[in-house]
Amino acid sequence: MSARLTETVALLERLISHPTVSSDSNLAMIAELAQRLEEAGARVDLFADHSGHKANLFATLGPEGPGGIVLSGHTDVVPVEDQDWSSDPFALREEDGLLYGRGSCDMKGFIAAATVMAGDYAQADLRRPVHFAFTYDEEVGCLGARALVPELEKRGLRPAMAVIGEPTSMRVIEGHKGCCEYTVRFAGLEGHGSSPERGVNAAEYAARYVTRLMELRQALMLRAPGDGRFDPPWTTLNVGRISGGVAHNVIAGKAEVEWEMRPVQDGDVDFVKEAVAAYVDHELLPAMRAVCDEAWIETEVIGEVAGLLPMEENAARDLVARLVGANGAHVVPFGTEAGLFQKLGTSVVVCGPGSIDQAHKPDEFVSLDQMRACLEMLEKLGRSAVLVGE
Ligand SMILES: [Zn+2]
């Protein structure tokens, strides 16, 4: 093993030992990364969330100002409860060239590699900045990146490129759909099942709402861009859960619908939300309130994560493809923080070690080969004209 790989595995072991499940604090891990980056000579800023238990880290090497590249990863991991692990998920275990541990591929492996490389970047004669963005709460709606991106905007920091190191098996990814999740609650008026006209049946209104969603599916298929590369190439809607009511012979007073949409383009989100809101305001609510003034429908936004739109021109994609020797870029079905950086006007690519097949699963692992490939990409990045050229 090269010294750098050994150092990266040692740091990965440290990072995995911090159980940074999204519901818990990430401060200890952030503090350790901040210290390492400062030792390498980076200027480090921490941005705490409102609770004070979590923070984003943003660090810079090289000159101030716009341009340059940001290496981005989320520090949080998904829970291990109800998963059958062969060993302690928060203690790195190496076996047959595989490094096991929660977060090993999603995505502490990339964070470890990027942080170890900071020392090298600091030695290079950087003409443009290298930034490190390590965020919280990606797994629960990209909350950290959502807070960080406006901070960067405020400071006039607009990195030209971003590499999001999510596990892609080091494949070059230039696009993914967004993911928007909603919970809609219906409150009607309970009553005896023998007199449906005297109550407001929340379950029936929920059913009508779901029917409207299913109608919108057709419209979304027609709106799909002609050259779409996603599978399927249109924005999808899915109803994941319906609940409500108490028994056969009672008018359901309450109901709930959980649904999601995976947009392939920005406009589809507003299109669906406006169509649904109009249906609620002009059809469902008036009908409910004709019987009971107090009836209501409420929509909770669980998360709205922007997609990464494949772009004709994408300097980050072209650069990373060159670095890893890929001759094409792909799209994937899973979401990342990439779309948030794209909104900043940054060109974005997703490329990182490990496979999404192992993410979120028991016995999550990243292979030494993947870590080696990631380090190689980051080493070449440090020598690239993008950072050290005129
Ligand atoms: Zn991830």
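Fair warning: this is a prediction, and the values are worked out from it, not measured in the lab. In each ligand, atom 1 is the first atom listed, and ligand 1 is the first ligand listed.
Residue-level check: among N/O/S atoms of Glu166, OE1 sits closest to the Zn ion (ligand 1).
In summary, an N, O or S atom of Asp106 is located under 2.8 Å from the Zn ion (ligand 1). Coordination check, Glu139 versus the Zn ion (ligand 1): failed, since every N/O/S atom of the residue sits at 2.8 Å or beyond.
Within 6.0 Å of CD in Glu197 there are more than 12 heavy atoms belonging to other residues, nucleotides or ligands.
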Query raised in the report: Given Tyr100 and Glu94, is the side chain to side chain donor-acceptor pair (under 3.5 Å) satisfied, shown in steps?
Result: CA-CA 6 Å; Tyr100 292 91; Glu94 186 184 339; over 6 Å; no

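In this structure, His131 and Phe58 have parallel ring planes: the angle between them is below the 30° cut-off, well short of the 60° mark.
A donor-acceptor contact closer than 3.5 angstrom is absent between the side chains of His74 and Asp137.
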